[in-house]
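So the structure is just underneath, and the comments pick up after that.
Note that these values count all heavy atoms, side chains included, but never hydrogens, waters or copies made by symmetry.
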Amino acid sequence: VKDGDVAVVSIQGSEATVTRIARHGSGITLIPYNPKYDLKSFTKEELIRLPVVIIGRAVQLRGKC
């Protein structure tokens, strides 16, 4: 996925979330649509160790965003 895309992301294989992706030199940040949730940032090393897996890019969103 590209920077700014909406994607389905699995963290440690136990949960998945639909979130906006922000890529940066040291890793990625997951930007939630729900303001009750905090940003989650991961370094390149954490992406591999945990793992954090981008399952796919969302091609259509419905509802309130």
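- Taking the side chain as every heavy atom from C-beta outward, T29 and K40 never approach each other to under 4.5 Å.
- How far CZ of R49 is from CD of Q12: 8.5 Å, rounded to the nearest 0.5 Å.
- When side chains are defined from C-beta on, L39 counts as touching P32, because their heavy atoms get closer than 4.5 Å.
- Residue V18 is grouped with residue I55 when hydrophobic side chains (ILVMFWY) are merged at heavy-atom distances under 4.5 angstrom, including chains of intermediate members.
- Rounding to the nearest 0.5 angstrom, the gap separating the CG atom in N34 from the NZ atom in K36 is 6.0 Å.
- Residue L50 belongs to a hydrophobic cluster whose other members are V1, V9, I11, I21, I28, L30, F42, L47, V52, I54, with links defined by side-chain heavy atoms closer than 4.5 Å.
- Without hydrogens or angle criteria, T43 side chain to G27 main chain gives no donor-acceptor distance under 3.5 Å.
- Closest heavy-atom contact between V8 and A16: CG1-CB, 4.3 Å.
- In this structure a side-chain-to-backbone donor-acceptor pair under 3.5 Å is present from D3 to R23.
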